[in-house]
Every structure is written in structure tokens, then in C-alpha cells.
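Presented below is the structure to which this report refers.
The basis for the numbers below is simple: all heavy atoms, side chains too, and nothing from hydrogens, waters or symmetry mates.
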Amino acid sequence: NHVSSICSTWGREHFKTFDGDVYQFPGMCEYKLVSDCHDTFPEFSVHMKRNENNGNPTVSYVVVTIIDFAFHLSKDVVTVNDLPVKLPHYEAGVQVERNAVYIKLQSKVGIIVMWNLDDAVMVEIDNDYTNRTCGLCGDFNGVPVYNEFLLDGRKISPIEFGNIHKVHRPNDDCEDPYEEEDVSQERSDVFFCFSCTKLIDPEPYIQACVQDMCGCTNHSDDFCVCSTLSEFSRQCSHAGGEPPNWRTSEFCAKQCPFNMVYEESGSPCVDTCTHQDTSSFCEDHKMDGCFCPPGTVFDDISMRGCIAQSECQCKHGKIYESGEVYRQEREECTCFEGRWACESLSTPSTCAVEEGSHVTTFDGKDFTFHGDCYYTLAKVERKDDASPAFTILVKLVPCAHQEYDTCLKTIKILLNNDRHNVSLIPGSCFK
């Protein structure tokens with residue numbers, strides 16, 4: 001359960017602070033969602049801006065600044081210090097990736113930002129930042145209300161609190177939202193049932209849902225009810241619960257690419273043809289998203305969607321079907337269900353001395369050496385009693401008939417390194 005280290009915003013105007021306060025702020029300017037406010041030069045900050053899309057508020061962009069790097073996330077492009085980058089992207093200890101549902105930014109400074117490319121943004125930070133943050137996410141001191149909604153000893157409204165964190169941009173023609181009279185809302189008993197109600201207090205989300213419905217002009221619009229239900233489901237996963245698949249084709253439906261299916265709670269570490277065991281070692285908490293059906297993996301080689309592991313191909317320069325063989329100099333590899341099974345070919349390696357001074361090693365390296373003594377050409381140590389051992393010695397001498405040349409005079413072979421078991425190949429002077 002790590003709900004206490006998560007801040008989120010969703011729907012028309014809803015926010016949940018790190019300390020658990022759920023409040024409404026309808027601002028449409030750029031706002032500081034969270035920042036490290038303890039030091040003069042903050043390690044990170046997260047800004048966001050909403051706009052209207054077909055009558056419904058949606059997040060238009062998120063800006064994450066990590067020290068000197070500004071990551072601008074939008075639906076169409078991601079830039080780093082104003083330069084477009086291709087995802088996945090890794091730079092300065094920050095990884096940005098995108099799947100069918102979310103853009104995710106994760107930094108080594110201890111922050112994770114996730115945006116569903118629609119209305120919801122989530123920020124998770126390390127406990128090292130306790131009582132060090134500011135912004136719409138609050139101060140992360142573990143105490144609701146205090147200090148977020150207290151200013152100079154008086155209690156302030158969410159509207160005043162939100163306006164404090166407006167980011168002023170040059171030529172930004174954006175008006176602050178104004179205070180409205182609180183309208184008492186009757187509690188609605190219509191709410192989907194989760195086992196999560198034992199982990200998460202549903203009351204703030206029920207009230208948020210009521211406000212959404214009261215503020216919607218078109219009650220047949222899924223956005224009016226689905227945004228808060230979706231957030232409650234996400235908070236359930238953060239709390240360690242497993243929300244059921246409550247969506248239907250006619251109620252808050254989600255579309256997935258290929259033949260993937262939408263799940264409320266699944267591992268974000270996706271098994272693919274090239275990485276088939278990713279989910280087994282996954283330490284990330286479960287979350288909603290598009291996943292492959294059980295018994296399948298995602299084809300990240302030919303991009304055919306979710307397939308049986310037995311249908312996975314392999315790639316080495318080109319694509320190989322399962323059962324096809326790839327050969328290189330000393331190895332033969334067979335593609336088997338997306339993985340290479342390789343074995344060494346029994347091709348003997350050769351070491352040679354030619355013309356008395358030109359040496360070729362077993363690894364194919366060539367060099368020239370002029371000597372006048374016995375030298376060890378090759379030596380094999382005994383591994384066990386059954387293993388052979390031998391040493392090959394060569395005697396190099398200056399050639400009598402050529403002043404600057406070297407001749408191979410003698411070859412000695414010591415079997416099992418026994419000096420009494422020597423094979424001698426004499427010669428006058430041969431090259």
C-alpha cells in the first residue's frame with residue numbers, strides 16, 4: 001500500500017493530495033502540480049495544464065523538470081529541452097516510455113509521473129521528500145488539511161489554494177476560477193462495489209462523482225461518471241487491492257490496440273517475444289491498462305499483437321521463424337519460440353609458425369617475432385586424470401644463410417608434461 005506517496009488529478013477538476021485530501025479546483029491555466037520546495041534549487045517540478053475537448057476538460061500537456069532537463073509531454077510529441085525525442089527515451093537518469101494507455105516518466109531522483117493521455121495524471125515520489133513538497137499535491141507531511149488549506153491561521157478554500165500555484169507565463173491570457181457558493185449535495189448510494197472499500201474510503205470519490213454528474217450537461221456522456229470510477233479503481237490498485245473488471249462494452253468501455261484486452265489490475269511489465277520473463281521479475285505495482293490475454297505474449301518483433309509463445313520469431317539482422325537456423329563462423333543457432341538455442345561447431349582452431357617468424361594464434365591474430373631460444377608454442381593443462389596434457393616447444397634461431405631472418409630449428413612435444421616422454425622433430429634449419 002503506497003497510496004500515501006501518490007498524488008493524482010482526474011476528471012473535470014478533482015485532485016487528491018499526498019496526504020489524502022480530495023478537493024475540486026477547476027482552473028484551466030498552467031499550475032504547479034508538485035515541486036521539491038525544500039532547497040533553493042529544486043530537484044524536480046511537475047506542471048500541467050487542462051483545456052476543453054468537446055466540452056470535457058482534458059490534460060493538454062505535462063512538463064516535468066529534473067534539475068536542468070525539461071521534459072514536455074503532449075499527446076503528439078515528447079521534447080527534452082525543446083528538442084523532439086523518440087520513445088522510449090533515456091537521458092540523465094530519466095526514462096520516458098509509452099504504452100497503449102499511459103506515458104510514463106521515471107527518474108532516479110525518486111519520482112514517477114504517469115499520464116493516461118486524457119484526463120488523469122499521477123505522481124509518485126519517494127519518502128525522502130516527506131514535508132519537502134509544494135503545489136496542488138500538497139506538502140507531503142502525512143497530515144490532511146494542514147498546511148494545504150490553512151494560510152496565516154485561517155482556513156482557505158480549494159479555489160484560493162489552487163490559484164496560489166498558478167504558473168505565470170508571458171502572454172498567457174488565462175483567468176483564475178472564481179469562488180462559488182457551496183451547494184449541498186445529497187449522498188448517492190449508487191457506486192460500484194469493490195473489495196477496495198476496506199482499503200480506500202469511498203466517500204470523497206462518491207462526492208466527486210456526484211459533483212461530476214451535477215456539472216454535466218449531457219448525462220449520457222461516459223466522462224461524467226467514468227472518470228471518478230476510474231480513479232477509485234486506480235487508487236485501489238495503489239492500496240494493494242485488485243479491483244475487478246467492472247467495465248462493459250456499454251459502460252465506461254476502453255479500446256485496446258491489436259487483440260489486447262483492458263484490465264483494471266495487471267502487471268505493467270509486459271512479457272514479449274524478446275523478453276518473455278519480464279513479469280516474473282517485476283517489482284512495480286499492478287495498474288490498469290491494455291494487456292495480452294493469459295497464455296500469450298506481445299509480438300515486439302513483427303508487431304502482430306498477442307500471440308502464443310510458440311509462434312514467436314527471432315531476430316538477428318533479419319527475422320527467423322521458429323525452427324530456422326542461423327550459422328556463423330563457429331556457432332550454429334536455432335530459433336525456438338523466440339529464443340536462440342546455440343551450439344558450438346566442432347571446427348578445429350589452428351596455431352602456426354610460418355617462415356620461422358610469422359605466428360598465427362588460435363584466435364586468428366598474426367604477429368612477427370624473431371627469437372633465438374626455445375619457446376612455448378602451445379600448452380594444454382590437465383583438467384582431470386582422464387584429460388590429456390601436452391606442451392609444444394619450438395626452437396627459433398637466426399638463419400645462417402639470411403642475416404635478418406629466423407628459422408625454426410626444432411619442435412619438441414611433451415606428452416602429459418613428462419620430460420621423459422618427448423617427441424623430437426629435428427631439423428637443420430627449416431622455414
Side-chain angles (χ1 to χ4, degrees), residues 2-3 5-11 14-16 33-34 44 46-50 53 56-64 66 71-80 85-91 94-107 110-125 137 222-223 226-239 241-243 245-247 252-258 260-272 275 278-279 282-292 298 300 303 305-306:
H2 53 279
V3 171
S5 61
I6 286 178
C7 164
S8 59
T9 179
W10 72 95
H14 307 298
F15 290 83
K16 172 197 163 291
L33 190 59
V34 61
F44 72 87
V46 182
H47 295 180
M48 58 159 287
K49 186 180 188 303
R50 279 193 170 94
N53 182 19
N56 291 323
T58 183
V59 175
S60 56
Y61 63 79
V62 178
V63 180
V64 184
I66 309 289
F71 297 81
H72 190 284
L73 315 179
S74 68
K75 295 180 182 179
D76 300 322
V77 66
V78 172
T79 64
V80 181
V85 297
K86 184 179 179 181
L87 301 185
H89 179 77
Y90 185 84
E91 183 173 358
V94 180
Q95 180 172 323
V96 187
E97 56 188 343
R98 179 173 179 170
N99 60 28
V101 178
Y102 290 97
I103 285 183
K104 178 181 180 180
L105 181 148
Q106 184 167 4
S107 170
I111 179 173
I112 299 173
V113 179
M114 298 185 68
W115 173 32
N116 70 349
L117 299 170
D118 190 12
D119 67 307
V121 177
M122 181 210 80
V123 180
E124 181 176 358
I125 60 176
C137 286
D222 274 359
F223 186 87
C226 297
S227 60
T228 294
L229 297 183
S230 299
E231 178 64 16
F232 186 76
S233 182
R234 287 188 289 265
Q235 291 294 328
C236 177
S237 289
H238 298 323
E242 293 192 13
N245 293 319
W246 50 272
R247 303 174 192 267
C252 301
K254 286 285 188 178
Q255 301 297 320
C256 289
F258 303 104
M260 304 177 84
V261 294
Y262 194 87
E263 300 280 349
E264 291 300 315
S265 181
S267 170
C269 305
V270 180
D271 290 333
T272 67
H275 299 93
T278 304
S279 62
C282 187
E283 296 182 354
D284 294 343
H285 59 80
K286 291 185 176 182
M287 56 182 292
D288 63 309
C290 293
F291 303 96
C292 282
F298 186 78
D300 57 345
M303 303 303 291
C306 302

Of the non-hydrogen atoms in I125 and V123, which two are nearest, and what is the gap between them? CG2-CG1, 4.0 Å
If every non-hydrogen atom of I103 is compared with every non-hydrogen atom of S74, which pair is closest and at what distance? CD1-O, 3.9 Å
Show, in sequence, the C-alpha distance, side-chain angles and deciding distance for W246 and C252, and conclude whether the side-chain contact (heavy atoms from CB on, under 4.5 Å) test is met. CA-CA 9 Å; W246 50 272; C252 301; 3.7 Å; yes
Would you please name every residue forming a ring-ring contact (aromatic ring centres under 6.0 Å, His included) with F71, sequence neighbours left out? none
Tell me, yes or no, whether the heavy-atom count around H72 atom NE2, taken from other residues, nucleotides or ligands under 6.0 Å, exceeds 12. yes
Can you list the residues that meet the salt bridge (Lys or Arg N to Asp or Glu O under 4.0 Å) rule with D284, with sequence neighbours excluded? K104
Counterpart residues, side-chain hydrogen bond (donor to acceptor under 3.5 Å, both in side chains), relative to D288 (two or more places apart): Y102, Y262
Which value, rounded to the nearest 0.5 Å, describes the distance between Q95 atom CD and L87 atom CG? 10.0 Å
What pair of heavy atoms forms the shortest contact from C269 to S279, and how long is it? O-CB, 3.5 Å
Atom of K75, atom of R98 and distance for their closest heavy-atom approach: O-NH1, 3.1 Å
N245 side-chain N/O to E263 backbone N/O, donor-acceptor pair under 3.5 Å: no
Interatomic spacing from CD in E124 to SG in C137 - rounded to 0.5 Å: 12.0 Å
Can you name the closest pair of heavy atoms from D119 and S227 and give their distance? OD2-CB, 3.4 Å
Given K16 and W10, is the side-chain contact (heavy atoms from CB on, under 4.5 Å) satisfied, shown in steps? CA-CA 9 Å; K16 172 197 163 291; W10 72 95; 4.0 Å; yes
In Å and rounded to the nearest 0.5 Å, what is the CH2 to CG distance from W115 to L73? 7.0 Å
Contacts of A253 meeting side chain to side chain contact (heavy atoms under 4.5 Å, CB included) (sequence neighbours excluded), chain-then-number -> none
Among residues at least two apart in sequence or on other chains, which ones pass side-chain hydrogen bond (donor to acceptor under 3.5 Å, both in side chains) with R247? S230, E264
Rounded to the nearest 0.5 Å, how far does CD1 of I6 lie from NE2 of H285? 5.0 Å
Could you walk me through whether H47 and Y61 pass the side-chain contact (heavy atoms from CB on, under 4.5 Å) check? CA-CA 8 Å; H47 295 180; Y61 63 79; 5.8 Å; no
T58 side chain to D118 backbone, donor-acceptor under 3.5 Å: yes
Just wondering, do H89 and V78 contact through their side chains at under 4.5 Å, heavy atoms? no
Considering the options H238, Q235, R234, which one meets the side chain to side chain donor-acceptor pair (under 3.5 Å) requirement together with S8? Q235
Measure the OG1-CZ distance between T278 and F298 for me, rounded to the nearest 0.5 Å. 13.0 Å
Sequence-distant partners of K286, side chain to side chain contact (heavy atoms under 4.5 Å, CB included), two or more places apart: E242, S265
How far does CD1 of I66 sit from CD of Q106, to the nearest 0.5 angstrom? 11.0 Å
